[in-house]
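Shown next, in structure tokens, is the structure this report addresses.
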Amino acid sequence: MDILTELNPAQRDAVQAINGPVLIIAGPGSGKTRVITHRVAYLIKECKVSPHRIMAVTFTNKAAKEMKARLDKLASTAVKELTLGTFHAICARILRQDGEAIGISHQFVIYDDDDQTSLIKRAMQELNLDPKQHTPSAIQNKISFAKSQILSPKEFIETGRNYFEEVVGRVYERYEQLLKQSSALDFDDLLMKTVELFKTKPDVLTKYQQRYLHILVDEFQDTNLVQYELVKLIAGKYRNICVVGDPDQSIYSWRSADVRNILNFEKDYPGAKVVLLEQNYRSTKNIIETATCVIATNKERKPNGLWTENEAGDKVTITETYNEQEEAQFVVSEVDKLVREAKFRAGECAVMYRTNAQSRALEEAFIRYGLPYRLVAGTKFYERKEVKDIIAYLRYIHNPDDSVSLMRIINVPGRGIGQRTLAELSNWAKSLGLTETGLLKLLVDIKTEHSPFNSRITQSLVSFARMIENLRAKNMDSNLMDFFDMVTGQTGFQKYLLAESDGEERWENILELRTVAEEYQEVPSPDGLAAFLEGITLVADVDSLDQTMDSVTLITLHQAKGLEFPVVFIVGMEEGVLPHIKSFDDPAQMEEERRLCYVGITRAKRKVYLCRAFRRNLMGGSLVNEASRFLSDIPRELVSNSGSLSSEEAIASAVYSWNKTAVFTPSENILELKAGDHVRHARFGEGVVINYQSVKNDAQATVEFNGVGQKKLLLSFAKLEKI
DNA sequence: CGAAAGGCTCTTTTT
DNA sequence: GAGCCTTTCG
């Protein structure tokens, strides 16, 4: 297969410009992924560059996986040799390899957000800082920002310009010490320490510079300073650096991403070749025009020439409903309609929203209707308590210095080791210059009467320490699966979990985690555990999104970047939601909200629905929001029903849509059921009615489905059959 | 020590 | 409305 034939001239240009710096500005749907993969394939097949000497950086692991799959088809050569992954994953690998040169333990663990918070809290406690005066999360954000700017605690303190920053500086300093003691790195460290490694160890840098003849970076508009520096360092020798991005899709400034990286690329890399990809292959003309009108209002941007040869297609639908329940109901019934009319499959539809909390009303509606959906994130799998607990056990076994994990699990299940004991343990360890684990080992060796704790507690601590030591030894020569089972069994965790009220369900999450571990089985022990731990820490939830399943995708606008769906619903098109209220007093942030909206609209291939609720519940209270300003930027001729409404009209519309809802609620033949009745559902199969109650003109039934569990169903929607 | 209850504060987006 | 923290009592 010829790599170049199926490309348009601009795309071909982008693929073939292999010498020197290249900037590719790629509008949405312009075949960006295709260009990147073809470029890599071109380098390997036509230019005979060894895959070993190519680095390709993606924004998510999912994007990396996808690219790998595409390359396998395009250039069947050893794609394994490629360095392909997110910045974080690539840096983790580099530090695992060469981090020791700057004092990073070979065994380091990666702390996620949660772990970071607990460590910051501990640092604050030690410094006698009141968490009410300075919230840990504010401090965490600031530290993260400092790291993204490659500022050490010392440098940060020097540049501090107010009291708060001075406080942050002190916490930052102590936090770093605690991280070091725990042999741990946080997410930002992965990047910052790699830059530090390169800057202080020229020989290491040279090694990587010489290796990577070609570097590609995707989603360049969302890189931050650390990432920018990193790329600059590695590309320092050959300068064959190709970056791809779209300033209009920059939506991560809150994570310190800096659009200037892409806007100033030509200045920083003089002579860079610039390629514009402006033809959109994804969306209909109406969708492109709508998106263009929305983004055009931004002042801080260069206009682009996005266009498409695609048909005009359907007009954009704008709906107003009374509240978010009705909004969700509208979405669900509309999806149902599209599916019933055989226009689209459920899996081709996505519902996008600004904040995760908005998924709730949607989920409820999908459940009631009995329509399949998949939620990306939500209570994220790896953030569930039971999952984090087991991971903490595994991590602590892997790395005895990991005090955050130790503190998390030393009393889970309860072993009579409480707050007081732990505080004493920490203090005593500190005064002896030992880690907590070191102290526990000491306790095992000395006579019980020499322990400063009472005998019951000493006994507890000693048996805990012995158990962990035993497991640590087991990890050395056991199969990863056997080892996993030993951990859940011998720690008493399984028993403890199953005794909890919702234990069954939570235990299933552990089994789910176990299946993830299966992927690392072939890695010989003890490295299998290390590989597993690293794999799960750097995974985002979008990474696991499998679009082949035939169910509607519920996803945040941020996560939706880089994806495409035939049908897109954007809900919560209201002032305060999208744009989010936090952006009201900052024009730059407001522009980012607009870009977010733009990203959402441009995910759609065929159909766009923009939904708004007149009233919305937020933290108990109920708010009346005006229509999003973004809606008023869309010309009426692109919209199939009425555009923005004034607030007086909104009330009329609320009444109108209330009636409309009643119309598409088929209130005839509501099935009458009682507890104990057997029923059948198209998706959930057979089950037994547990509870049944009438609600207005409708009825709600709780049904225990065989092998599926309990579901609450609204009978006007769910197609139940009595058997 | 730990379970239960009450009180508080936030809620944007995530590798 | 939840999640976190503190208080209280057994």
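Here is the naming used below: chain letters follow the sequence lines, and residue numbers restart at 1 for every chain.
In this entry the distance linking CD1 of A:Ile251 with P of B:dT15 reads 11 Å, nearest Å. The interatomic distance linking A:Arg384 (CZ) with C:dA2 (C1') rounds to 15 Å, in whole Å. Rounded to an integer number of Å, the gap from A:Asp188 CG to B:dT14 C1' is 11 Å. Following rounding to the nearest Å, A:Tyr252 (OH) and B:dT15 (P) show an atom-to-atom distance of 6 Å. Going from atom CD of A:Gln358 over to atom P of B:dT13 covers 9 Å, rounded to whole Å. Atoms CG (A:Leu618) and P (C:dA2) sit 14 Å apart, rounded to a whole Å. Remark: P of B:dT15 and CG of A:Asn224 are 14 Å apart, rounded to the nearest angstrom. Remark: P of B:dT13 and CD1 of A:Ile570 are 16 Å apart, rounded to the nearest angstrom.
Under the rule for a ring pair (Phe, Tyr, Trp, His ring centres under 6.0 Å), A:Phe145 has no partner lying at least two apart in sequence or in another chain. For A:Arg616, the salt bridge (charged side-chain N to carboxylate O under 4.0 Å, His left out) partners are A:Glu327, A:Glu574, not counting sequence neighbours. For A:Gln116, the side chain to side chain contact (heavy atoms under 4.5 Å, CB included) partners at least two apart in sequence or on another chain are A:Asp113, A:Ile120, A:Gln140, A:Tyr175, A:Asp186, A:Asp188. Every residue two or more places apart in sequence or in another chain that forms a side chain to side chain contact (heavy atoms under 4.5 Å, CB included) with A:Ser426 is listed here: A:Met407, A:Glu436. Every residue meeting the ring pair (Phe, Tyr, Trp, His ring centres under 6.0 Å) condition with A:Tyr252, not counting sequence neighbours, appears here in chain and number order: A:Phe59, A:Trp254, A:His558. With sequence neighbours excluded, no residue forms a salt bridge (charged side-chain N to carboxylate O under 4.0 Å, His left out) with A:Asp246. Residues forming a ring pair (Phe, Tyr, Trp, His ring centres under 6.0 Å) with A:Phe584 (at least two apart in sequence, or on another chain): none.
For A:Phe187, the listed nucleotide lying nearest its side chain is B:dT15; candidates were B:dT14, B:dT15, C:dA2. Listed nucleotides C:dA2, B:dT15, B:dT13 differ in distance to A:Trp254; the shortest reach to its side chain belongs to B:dT13. Taking every side-chain heavy atom of A:Arg255 into account, B:dT15 is the closest of C:dC4, B:dT15, B:dT13. For A:Gln559, the listed nucleotide lying nearest its side chain is B:dT14; candidates were B:dC10, B:dT14, B:dT15. The side chain of A:Thr355 lies closest to B:dT13, out of C:dC4, B:dT14, B:dT13.
In this structure a side-chain-to-backbone donor-acceptor pair under 3.5 Å is missing from A:Arg629 to A:Pro579.
At B:dT14, one or more side-chain N or O atoms of A:Thr556 fall inside 4.0 Å of OP1 or OP2 (strictly under the cut-off). Remark: A:Asn61 is not in phosphate contact with B:dT15, judged by side-chain N or O atoms under 4.0 Å from OP1 or OP2.
Applying the salt bridge (charged side-chain N to carboxylate O under 4.0 Å, His left out) test to residues at least two apart or on different chains, none of the pairs has a partner in residues 451-465 of chain A. Applying the salt bridge (charged side-chain N to carboxylate O under 4.0 Å, His left out) test to pairs two or more places apart or on separate chains, those with a residue in residues 402-425 of chain A are A:Asp389-A:Arg408.
A:Lys121 comes within 4.0 angstrom of the backbone, heavy atoms only, and of no base. A:Arg595 comes within 4.0 angstrom of no nucleic acid atom, judged by non-hydrogen atoms across all strands. Contacts of A:Gln227 with the nucleic acid, taken as non-hydrogen atoms under 4.0 Å apart, are absent.
Stems are defined here as 3 or more consecutive Watson-Crick or G-U wobble pairs with pairing distances under 3.5 Å; those involving DNA chain B are B:1-10 with C:1-10.
Within residues 575-585 of chain A, the residues that place at least one heavy atom under 4.0 Å from DNA chain B are, in residue-number order, A:His580, A:Lys582.
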All N/O pairs under 3.5 Å across the protein-nucleotides 1-7 of chain B interface:
residue: B:dC1; atom: OP1; partner: A:Gly418; partner atom: N; Å: 3.3
residue: B:dC1; atom: OP1; partner: A:Thr421; partner atom: N; Å: 3.4
residue: B:dC1; atom: OP1; partner: A:Thr421; partner atom: OG1; Å: 2.4
residue: B:dG2; atom: OP1; partner: A:Asn411; partner atom: ND2; Å: 3.4
residue: B:dG2; atom: OP1; partner: A:Gly416; partner atom: N; Å: 3.1
residue: B:dG2; atom: OP2; partner: A:Asn411; partner atom: ND2; Å: 3.1

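Comment: A:Arg595 engages A:Glu592 in a salt bridge, judged by a side-chain N to carboxylate O separation of less than 4.0 angstrom. Ionic pairing of A:Arg395 and A:Asp115 is present here: one or more N-O contacts between side-chain nitrogen and carboxylate oxygen are shorter than 4.0 angstrom.
Contact annotation: the side chain of A:Asp222 approaches that of A:Lys561 to within less than 4.5 Å [non-hydrogen atoms, C-beta and beyond].
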